[in-house]
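All values reported here derive from a predicted model rather than from experimental measurement.
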Amino acid sequence: YIEGKDYVFADKVIMAYKTWAPGRIKHRKVPKGYHARISFDQNSYLVRSEDDKIYRVIQPEYAEIEKYVYHKCKEAGFIGEVIVDSWIREDVPGFEGKLLIEHRYIPTISFCYEWTNRMYEDYVLWYLELIKKLTLQNLGMCDIHALNATFYQGRFLLVDFGAVSGSITSPRQLVNLMEYVILPFFLKMRGLEGVAHKYLEDGNEKLSLREVKGILSEAEYHELCNLYEQIVFSETKEDVLDFIHNMKKYMRVFHLDEFEPTSWTDYQDSEWEKSDNPAAWSPKMLNAARLLQSISPQKVVDVAGNQGWYGCLCQDSAESISVIDLSEGGLDKLYQRIKGKNIRNVIPVKMSICAPSLGRHIDGFVDGLTVQALRDTGIARYRGDLAIALALVHHLVFRELLLFEEIIAMLSAYTTKHLLVEFVQIDDRYITDFEKDGFEWYTKGAFEEALRQEFEVIETAPSSPPETRTLYLCKKLSSL
């Protein structure tokens, strides 16, 4: 039943909402040196080798159709551009006689609930364009949800090749597109970001018209009902393309409200403005650049990194740089720079470092032999061989009421090897408004003592202002 209409054909509604129950996931017996990943795909399952190679093992009865889908995507230029880079392998040791598709290993996976609102808006439009491109090739998607893509090399990328099918996208999957991906966009556009985050992070819970009716005008709601009706009757290639066109047109009436600027929105404007003029760099900028250049990290996490200027100093050596912050404005400026400056290895992440994203498991869908996370925690996904934590410790002490030992333990969780951290003394002129009664223990000596419990201090250097701020380049004791 669609509100405002007398009836629809019952068989069409059933087709649109038909569900598939995957049943209990069985333990995969894989060759030594490989680990099977949890999968709901009937056609294939994923394994990961000890040297971080990712393979999709195709069930024999689906080998020909998967080859067909792969070659169609390859010929259309989708592989490596909108779909994760992949290669057909039929010579993998231990899997003789089986068709495997190797996928590029992506070192850092971020999810859409950790993106800014502007990133999510672009993501929804990208998803619609992806389905359009597949449809034009007489392909489609058989498993649409919000979490099967990531942000990699400056663009959105479908990482679930198994979600691509050899026929156009069905009405049921278009309903999934609406309820898993598009409806959260409307919530975000109307200021209900927290509600959207809840649904997106859960991953299994769908939104419906009921949840968005209250934020839409009568005309907007009526038009959205019409789009649902169009989905139900989308049987041909032309129907799917027409729906995508109308959905994009409908989305244009929603405009993201300008976020209220805070003191953090423009916090690193000065650094970015001086990027091409090292002669104008502050002592903090110069010394941070020198210290970072001395270690050449591969995977970097810039904790509370604002616009990510300091993390971006590692672009030449690092494969992945994650900039974690809660400032929507600061991260959005970074995102716009990534798009405009062709920055390829930086990921803006909206996440609290004190309450990072949780991991996700499926209760009842494991066989008792192993308990494997469907999604790792934010700390596990963003952890690098270098963590940067500048102008942060004093905020965690005076605002979050954390002790030095707690702060060092938290920062240690984000790195396997190096830490670049800054200490701001209690008499610093920029923190004169902080309530400091009862914080007599907040001293440089006490901080250094706590730091040395988990790290070896390799080098110190003045920050800005140099009289009250110090940079510490450290190496984790457990990595020595």
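Under the side-chain hydrogen bond (donor to acceptor under 3.5 Å, both in side chains) rule, Glu271 has a single partner from Tyr310, Trp281, Trp309, which is Tyr310.
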Derivation and outcome, side chain to side chain contact (heavy atoms under 4.5 Å, CB included), residues Met189 and Met251: CA-CA 10 Å; Met189 295 304 106; Met251 285 178 60; over 6 Å; no
Step-by-step side chain to side chain donor-acceptor pair (under 3.5 Å) determination, Glu114 to Tyr382: CA-CA 12 Å; Glu114 298 165 333; Tyr382 298 118; 2.5 Å; yes
Derivation of the side chain to side chain contact (heavy atoms under 4.5 Å, CB included) call for Leu386 and Leu292: CA-CA 9 Å; Leu386 166 69; Leu292 292 172; 3.5 Å; yes
Derivation of the side chain to side chain contact (heavy atoms under 4.5 Å, CB included) call for Met351 and Arg381: CA-CA 12 Å; Met351 185 182 83; Arg381 286 183 282 113; 5.6 Å; no
CA sep, side-chain torsions, deciding dist, call: Asp52, Arg48, salt bridge (charged side-chain N to carboxylate O under 4.0 Å, His left out): CA-CA 6 Å; Asp52 286 334; Arg48 178 173 173 176; 2.6 Å; yes
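Heavy atoms only, all atoms of each residue included: Arg56 and Ser44 are closest at NH1-OG, 3.1 Å. Here the shortest heavy-atom pairing between Ile353 and Met410 reads O-SD, 3.5 Å. Scanning all heavy atoms of the two residues, the minimum distance from Leu390 to Leu471 falls at CD2-CD2, 3.8 Å. Looking at every heavy atom in both residues, Thr108 comes nearest to Ser320 through OG1-OG, 2.7 Å. Across every non-hydrogen atom of Val301 and Ile324, the tightest pair is CG2-CD1, 3.6 Å. Across every non-hydrogen atom of Leu200 and Tyr113, the tightest pair is O-CD2, 3.7 Å.
Counting non-hydrogen atoms of neighbouring residues, nucleotides and ligands closer than 6.0 angstrom, the CD atom of Glu449 reaches no more than 12 such neighbours. The local environment of NZ in Lys72 is crowded, with over 12 non-hydrogen atoms from other residues, nucleotides or ligands closer than 6.0 Å. By the neighbour-count criterion of 12 heavy atoms within 6.0 Å, atom NZ of Lys341 is sparsely surrounded, having that number or fewer from other residues, nucleotides or ligands. A 6.0 Å sphere centred on NZ of Lys476 holds more than 12 heavy atoms belonging to other residues, nucleotides or ligands. Heavy-atom neighbours of Tyr430 OH from other residues, nucleotides or ligands within 6.0 Å: at or below the threshold of 12.
Checked by atom type, the side-chain pair Gln425/Asp428 shows no donor-acceptor distance below 3.5 Å. Between the side chains of Glu273 and Ser270, no donor N or O sits under 3.5 Å from an acceptor N or O. Gln307 and Asp269 are linked by a side-chain donor-acceptor pair at a separation below 3.5 angstrom, with hydrogens and angles left out of the test.
Aromatic ring centres of Tyr180 and Tyr199 lie farther apart than the 6.0 Å criterion allows. Between Trp115 and Tyr335, a ring centre-to-centre spacing not shorter than 6.0 Å is recorded. Aromatic ring centroids of Tyr221 and Phe186 lie 6.0 Å or more apart. Separation of the Phe447 and Tyr472 ring centroids falls under the 6.0 Å cut-off.
Note that NE2 of His145 and CG of Asn204 are 9.0 Å apart. Values are rounded to the nearest 0.5 Å. Once rounded to the nearest 0.5 Å, the distance linking CG of Asp332 with CG of Asn117 reads 9.0 Å. A distance of 9.5 Å separates CD1 of Ile54 from CD1 of Ile106, quoted to the nearest 0.5 Å. Taking NE2 of His71 as the reference point, atom CD1 of Ile79 lies at 10.5 Å (rounded to 0.5 Å). Put simply, CD1 on Ile347 and CG on Asp302 are 12.5 Å apart, with the number rounded to the nearest 0.5 Å.
A side-chain donor-acceptor contact under 3.5 Å links Glu435 to the backbone of Asp437. Listed for the Lys299 side chain is a donor-acceptor partner under 3.5 Å among the backbone atoms of Pro107. Using a distance-only test at 3.5 Å, with no hydrogens or angles considered, no donor-acceptor pair links the side chain of Glu448 to the main chain of Gly445. A donor-acceptor pair under 3.5 Å links the side-chain atoms of Arg383 to the main chain of Ala413, judged by distance alone. A donor-acceptor contact shorter than 3.5 Å is absent between the side chain of Arg89 and the backbone of Leu100. In terms of modelled atom types and a separation under 3.5 Å, the side chain of Asp85 and the main chain of Arg104 share no donor-acceptor contact. When atom types are taken as modelled, the side chain of Lys436 and the backbone of Ile426 share a donor-acceptor pair closer than 3.5 angstrom. No donor-acceptor pair closer than 3.5 Å links the side chain of Glu319 to the backbone N or O of Gln298. Judged by distance alone, with hydrogens and angles left aside, the side-chain atoms of Asn345 form a donor-acceptor pair with the main-chain N or O of Ala318 at under 3.5 Å. Side-chain atoms of Ser412 never come within 3.5 Å of backbone atoms of Ala409 as a donor-acceptor pair (strictly under, hydrogens ignored).
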Enumerate donor-acceptor pairs with a distance under 3.5 Å from any side-chain N or O in residues 146-156 to protein atoms, sequence neighbours excluded.
| residue | atom | partner | partner atom | Å |
| --- | --- | --- | --- | --- |
| Asn148 | OD1 | Tyr127 | OH | 2.8 |
| Asn148 | ND2 | Tyr127 | OH | 3.2 |
| Asn148 | ND2 | Asp143 | O | 3.0 |
| Thr150 | OG1 | Ser110 | N | 3.1 |
| Thr150 | OG1 | Ser110 | O | 2.8 |
| Arg155 | NE | Glu81 | O | 3.0 |
| Arg155 | NH2 | Gly80 | O | 2.5 |

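Looking at Lys132 and Leu241, their side chains come closer than 4.5 Å, going by heavy atoms from C-beta outward. Two residues are said to be in side-chain contact when any heavy atoms from C-beta on lie closer than 4.5 Å; Tyr34 and Val92 meet this criterion. Annotation: side chain of Trp126 is in contact with side chain of Leu158 (closest heavy-atom distance under 4.5 Å). When side chains are defined from C-beta on, Lys339 counts as touching Asp122, because their heavy atoms get closer than 4.5 Å. A 4.5 Å side-chain heavy-atom check between Leu420 and Ile295 finds every atom pair outside the cut-off. Looking only at side-chain heavy atoms (C-beta outward), Gln315 and Ile321 come within less than 4.5 Å of each other. Within the 4.5 Å cutoff, the side chain of Glu405 has no heavy atoms near those of the Gln453 side chain. No side-chain heavy atom of Thr377 sits less than 4.5 Å from a side-chain heavy atom of Pro356.
A salt bridge between Glu205 and Lys198 is present, with a side-chain N of the basic residue lying under 4.0 Å from a carboxylate O of the acidic one. A salt bridge is defined here as a Lys NZ or Arg NE, NH1 or NH2 lying under 4.0 Å from an Asp or Glu carboxylate O, and Lys188 with Glu121 fails to meet this definition.
Evaluation of the side-chain contact (heavy atoms from CB on, under 4.5 Å) rule for Arg399 yields His395, Asp433, Phe434 as partners, not counting sequence neighbours.
Ring pair Phe404/Phe423 is perpendicular by interplanar angle, where above 60° counts as perpendicular and below 30° as parallel.
For the pair Arg375 and Phe111, the distance from NZ or CZ to the six-membered ring centre is under 6.0 Å and the angle to the ring normal is within 45 degrees. Under a cutoff of 6.0 Å and an axis angle of 45°, Lys333 and Tyr267 do not form a cation-pi pair.
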